[in-house]
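Below: the structure, in structure tokens.
Scope of the values below: all heavy atoms of this structure, side chains included, with no hydrogens, waters or symmetry mates.
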Amino acid sequence: MAKKREPIREDQLRNWNLLGGFRQRVLPLLKAQPATPTEGDTRRTLFAEDYFCSFLFVIFNPVITSMRALCHVSYCRKMRQVSAAPICPAAFSAGQHLFDPQILEKIVRQLAQQAQGLGGGGDARVRQALKGLTAVDGSVLRAVSRMAWAPAGGPGKAIRLHLHFNVFDQIPAAWTITPGNVSEPKVFAQTVEPGAMIVADRNYGHDFGLLAQLKERGVHFVLRLYNNLVLAPIGPDRPLSQADRQAGVVWDRMVRLGIHGDGPVLRVVRVEANGDIFHFVTTREDLSAELIGLIYRQRWQIELFFKWIKMILNCRHWLAESPAGVQIQIYCVLIASLLLMLWTGQRPNKRMVESLRYYWMGLATEEDLVRLLERAGCKKKS
């Protein structure tokens, strides 16, 4: 019979490392909830903190490409920093059904709150004009055919991460994880908060009923419209400044949306640049037309964040395939991105993430890690 594992004490967590910082946050949450009967089994050697830490460890180690590879390497002595005992595939697979992913969601919220003010994202003029700006979009993560609960919008299986991204702080503000065939505008309508300032692409601008609902709820937005929509002018055009014209603004007017004449009345700005035509619809009548176009450019910040978590962090392989297991892995990816931001004082670049991987692989000491982070452009160190 295996010896019952002694719980890790918070006073044992010395010096900085990703798993130590993570454990400092997860242990109080685990202690606050009642243990399940299986966790009280004296034969158990895999506990919630080990399970969650294993996910986090894999994210930063591209050499580990599967659940079986993780279990294999868990027999190495150095892996005792991750889990107190070697992990067998059956125990790791069962963990997704035993350990609550909502614990990790709470940690994401704690870290996001702590990271406020570090990002420094967005254009300086936009930051001066707005108190806050949230980019909204969804990203599809391909799933395997065994994940029958996650149908894609087309052939195959997929997971969709619906994200509200704080442009100025460069941190996730709200998130929903669904099968790939769930509508992004539908989830957006259920999760957006009154008073928010939203920027999003054309996928969110074609539902006139949603636009009217957002306006009624006090949600401000800058969205792009499809160019083939019917826009009936209401009153004279708004005057354009020289700066507006230089930015490519052709006209700025109040319009009624829709072919039947019963759509909402909103402000639309038409911009022509580099041979492309853009129609931006907004509730903000106090901002210049040039600034409306500049606000829409900030939407790309969420696309860069999606690219960052997909390509820089090692999150292309599913370690668990149930809805709860997928939530655990996605939350760990968000936690890793926020821990990195708190450590470096900024959203880390590719070289910073590589430096941390060298540290975990044993190629660099803590002293080497600090030096590598400084060379990679880190603003500050812990």
Side-chain angles (χ1 to χ4, degrees), residues 59 104-127 129-141 159-178 180 182-205 210 214 219-224 280 282 284 292-313 315 327 329-342 344-350 353:
I59 288 169
L104 297 180
E105 184 179 25
K106 292 178 181 178
I107 295 176
V108 177
R109 297 191 186 282
Q110 290 176 1
L111 292 172
Q113 186 176 9
Q114 189 176 348
Q116 288 180 354
L118 294 179
D123 185 270
R125 289 183 56 198
V126 175
R127 290 201 304 269
L130 303 176
K131 293 182 179 179
L133 180 63
T134 301
V136 175
D137 205 351
S139 184
V140 173
L141 305 169
I159 309 299
R160 193 179 297 272
L161 172 61
H162 307 258
L163 190 66
H164 291 215
F165 184 73
N166 187 316
V167 172
F168 298 161
D169 290 333
Q170 297 284 290
I171 57 176
W175 47 85
T176 304
I177 302 167
T178 69
V182 174
S183 165
E184 291 174 9
K186 181 178 179 180
V187 173
F188 168 65
Q190 297 171 348
T191 55
V192 67
E193 296 289 338
M197 178 66 194
I198 302 296
V199 60
D201 65 10
R202 287 177 290 190
N203 190 34
Y204 297 85
L210 173 60
L214 294 176
V219 177
H220 293 290
F221 53 80
V222 172
L223 309 176
R224 187 180 175 187
F280 302 128
T282 181
R284 294 295 296 264
I292 294 299
L294 192 57
I295 290 172
Y296 184 75
R297 292 183 187 178
Q298 312 308 300
R299 190 192 73 80
W300 290 104
Q301 296 296 317
I302 192 172
E303 300 288 358
L304 293 174
F305 182 76
F306 282 139
K307 181 179 180 180
W308 189 72
I309 63 175
K310 285 181 177 180
M311 298 188 68
I312 295 184
L313 297 175
C315 60
Q327 288 182 36
Q329 187 157 344
I330 292 178
Y331 290 153
C332 281
V333 170
L334 295 178
I335 287 169
S337 68
L338 290 166
L339 284 173
L340 283 172
M341 178 176 285
L342 289 171
T344 61
Q346 64 190 88
R347 191 171 75 185
N349 57 34
K350 184 176 181 179
V353 176

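- For R284, the salt bridge (charged side-chain N to carboxylate O under 4.0 Å, His left out) test picks out D286, with sequence neighbours left out.
- For the pair S337 and F305, the tightest heavy-atom approach, listed with the atom from each and the gap, is OG-CZ, 4.0 Å.
- Residues passing the side-chain contact (heavy atoms from CB on, under 4.5 Å) test with R202, sequence neighbours excluded: R224, Y226.
- Scanning for side-chain contact (heavy atoms from CB on, under 4.5 Å) contacts around A112 gives I171, L338, with sequence neighbours left out.
- Between A336 and I59, the shortest heavy-atom contact is CB-CG2, 4.1 Å.
- For the pair L210 and K186, the minimum side-chain heavy-atom distance is 4.5 Å or more.
- Annotation for L161 and I177: closest pair CD1-CG1, 4.1 Å, computed over non-hydrogen atoms.
- H162 pairs with exactly one of T191, T176, T178 by the side-chain hydrogen bond (donor to acceptor under 3.5 Å, both in side chains) rule, that one being T178.
- Within the 3.5 Å criterion, the main-chain N or O of G117 finds a donor-acceptor partner in the side chain of D169.
- Note: N166 CG to I302 CD1 = 11.0 Å, rounded to the nearest 0.5 Å.
- Scanning for ring-ring contact (aromatic ring centres under 6.0 Å, His included) contacts around F168 gives an empty result, with sequence neighbours left out.
- Rounded to the nearest 0.5 Å, atoms CG (L339) and SG (C332) are 10.0 Å apart.
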For this session: Start with the C-alpha gap between L130 and I295, add the side-chain angles, then the distance that decides, and say whether side chain to side chain contact (heavy atoms under 4.5 Å, CB included) holds.
Result: CA-CA 10 Å; L130 303 176; I295 290 172; 3.8 Å; yes
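- When side chains are defined from C-beta on, R160 does not count as touching V182, because their heavy atoms never get closer than 4.5 Å.
- Put simply, the side chain of T282 gets close to the backbone of F221: a donor and an acceptor are under 3.5 Å apart.
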For this session: Kindly determine whether D137 and F165 satisfy side chain to side chain contact (heavy atoms under 4.5 Å, CB included), including the steps that lead there.
Result: CA-CA 8 Å; D137 205 351; F165 184 73; over 6 Å; no
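- One distance of note links CD1 of I309 with CG of L141; it measures 7.0 Å at 0.5 Å rounding.
- Annotation: the span from L104 atom CG to Q110 atom CD amounts to 11.0 Å, rounded to 0.5 Å.
- Identified under the side chain to side chain donor-acceptor pair (under 3.5 Å) test for residues 112-123, with sequence neighbours left out: R25-Q114.
- Atom CG of L163 and atom CD of E184 lie 11.0 Å apart (nearest 0.5 Å).
- Residues V219 and P194 approach most closely at CG2-CA, 3.9 Å, considering heavy atoms.
- Ion pairing of E303 with K307 is absent here, as no side-chain N (NZ or NE/NH1/NH2) approaches a carboxylate O to less than 4.0 Å.
- Distance check: L334 CG to Q329 CD gives 11.5 Å after rounding to the nearest 0.5 Å.
- Ring orientation note: the planes of F188 and H164 are tilted relative to one another, at an angle of 30° to 60°.
- The minimum heavy-atom distance between W175 and E105, with the atom names listed, is NE1-OE2, 3.3 Å.
- The shortest non-hydrogen separation linking K310 to S139 is NZ-OG, 2.6 Å.
- Checked against side-chain contact (heavy atoms from CB on, under 4.5 Å), K350 has the following partners two or more places apart in sequence or in another chain: I312, E354.
- In this structure, V192 and Y204 have side chains that are not in contact, with every pair of non-hydrogen atoms separated by 4.5 Å or more.
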